[in-house]
2 protein chains.
Amino acid sequence: MLTDKQKELVESFGVIQEQMGLSPASARVNSLLTIVDSSELSFDEIKDALNLSKSATSNAINYLLSLNRIGYKTKPGERKRYFYSKLDQWKVSFKKDFLGLYNYTAMIDEIIKNRSNENQDFNNELKDLNEFMNYFISESINLIDNWKKK
Amino acid sequence: MLTDKQKELVESFGVIQEQMGLSPASARVNSLLTIVDSSELSFDEIKDALNLSKSATSNAINYLLSLNRIGYKTKPGERKRYFYSKLDQWKVSFKKDFLGLYNYTAMIDEIIKNRSNENQDFNNELKDLNEFMNYFISESINLIDNWKKK
DNA sequence: TTTTTAGTTCTGCAAGTGGAGAACTAAAAA
DNA sequence: TTTTTAGTTCTCCACTTGCAGAACTAAAAA
């Protein structure tokens with residue numbers, strides 16, 4: 001199912017995704033579904049390709065489904081589910097991530113409001129950071145929205 | 001040293017920074033140094049303001065120093081160190097973060113190279129994502145570099 | 001020389017995470 | 001009705017994290 005090189009890539013891309021917050025098993029599953037040539041894999045194919053237990057496979061799959069990073073389809077007359085990478089969701093999730101940064105800037109605004117004017121240099125640093133953040137968030141969202149408009 | 005509102009903010013900004021990868025204690029220390037009116041605090045002031053043990057305080061401070069998120073100064077004739085938030089480093093560390101994303105795009109390039117042409121739709125999704133990522137990274141670095149050139 | 005200061009490092013524990021394997025379940029097939 | 005399929009959930013354990021408190025250390029003060 002995988003070439004030797006692809007097996008290596010599943011691991012190394014897996015590590016990168018671990019660093020991005022996925023658990024080892026979820027990272028491997030997502031990595032596998034990105035790398036494998038087949039357009040979708042069954043539960044057991046995933047389990048066997050990664051040498052995972054059923055519980056680890058089940059939990060990893062359900063976690064990735066909850067994040068909307070993978071999806072599944074069924075085939076007529078079969079009960080099995082076939083999982084695939086929802087890579088095309090990247091715009092949606094990037095956008096969500098950037099919007100989430102507004103929590104950070106709102107927090108900084110609160111902090112600015114509640115600092116004395118004793119140390120104006122630092123107050124100005126906070127304001128500058130926040131101005132940039134707000135600018136950066138809206139620019140990033142523009143970049144996403146204007147990317148190959150479809 | 002802190003108003004009641006500021007104490008609250010230390011906690012809530014602390015939580016946000018925990019979500020960004022800092023340990024609870026490091027997050028509180030960094031939060032405190034961002035919120036407190038004094039321009040710098042000693043080891044014991046930090047320890048007492050946050051009700052931390054000496055070890056937790058020491059480890060949190062040294063971790064933040066290693067990340068370059070805080071710094072310290074000394075006062076003539078005193079051995080104590082006074083710690084402050086290095087908020088002005090944000091440009092440097094944002095830039096480093098974005099440059100780090102090139103590892104991700106390099107990985108995706110490797111993946112593309114090692115997939116068959118069986119599923120061109122997915123191959124094109126990978127290419128599209130990577131094109132965007134490369135564009136986004138370079139644009140972001142431009143935004144940082146051009147921000148209020150000083 | 002002894003004591004104090006300003007921390008650092010070590011020891012031990014409580015809590016959380018991640019995954020294996022077994023037990024379980026609901027629907028479909030035999 | 002029994003068995004198989006396609007998972008899910010439960011139990012247990014190994015490993016990691018984060019912190020407190022105690023022991024330690026090196027420089028400075030007394």
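Note on naming: letters A, B, ... go to the chains in the order of the sequence lines (proteins, then strands), and numbering restarts at 1 for each one.
- Rounded to an integer number of Å, the gap from CG of A:Leu52 to C1' of D:dG7 is 15 Å.
- For B:Tyr135, the ring pair (Phe, Tyr, Trp, His ring centres under 6.0 Å) partners at least two apart in sequence or on another chain are A:Trp147.
- Between A:Ser23 and C:dG18, a side-chain N or O to OP1/OP2 separation shorter than 4.0 Å is absent.
- Closest to the side chain of A:Arg79, out of C:dA27, C:dG19, D:dC19, is C:dA27.
- Taking atom CZ of A:Phe83 as the reference point, atom C1' of D:dA6 lies 10 Å away to the nearest angstrom.
- In this structure, B:Glu18 atom CD and D:dT17 atom C1' are separated by 12 Å, rounded to whole Å.
- Atom-to-atom, NZ of A:Lys75 to P of D:dT5 comes out at 18 Å; the value is rounded to the nearest Å.
- Aromatic pair A:Phe136/A:Tyr104: ring centres not closer than 6.0 Å.
- For D:dC19, the paired base is C:dG12 (Watson-Crick or G-U wobble, both distances below 3.5 Å).
- The distance from atom CG of A:Leu41 to atom P of D:dG7 is 12 Å, rounded to the nearest whole Å.
- B:Asp44 has no carboxylate O lying under 4.0 Å from a charged side-chain N of B:Lys80, or vice versa, which leaves the two without a salt bridge.
- Using a 4.0 Å heavy-atom distance criterion, A:Ser55 is classed as a base contact.
- Residues meeting the side-chain contact (heavy atoms from CB on, under 4.5 Å) test with A:Ser116, sequence neighbours left out: A:Glu118, B:Asp37.
- Across the strands present, D:dA30 finds its partner in C:dT1; the criterion is a Watson-Crick or G-U wobble pair with both atom distances under 3.5 angstrom.
- Residue A:Lys54 has its side chain nearest to D:dA6 when only C:dG19, C:dT8, D:dA6 are considered.
- Per the geometry, CG belonging to A:Asn59 stands 13 Å off P belonging to C:dT17, to the nearest Å.
- Within the 4.0 Å cut-off from OP1 or OP2 of D:dA6, not a single side-chain nitrogen or oxygen of A:Arg81 is found.
- Rounded to a whole Å, the NZ atom of B:Lys80 is 16 Å from the P atom of D:dA28.
- Of the listed nucleotides (D:dT8, D:dC19, C:dG18), D:dC19 has the atom at the smallest distance from the side chain of B:Ser53.
- When rounded to the nearest whole Å, the span between CD of B:Glu78 and C1' of D:dA29 equals 14 Å.
- A residue-by-residue look at A:Asn51 and A:Gly77 shows that A:Asn51 has its nearest nucleotide of DNA chain C further toward the 5' end.
- Between B:Asn62 and C:dT8 there is a side-chain polar atom (N or O) within less than 4.0 angstrom of OP1 or OP2.
- Side-chain polar atoms of A:Asn123 and A:Asn117 form no donor-acceptor pair below 3.5 angstrom.
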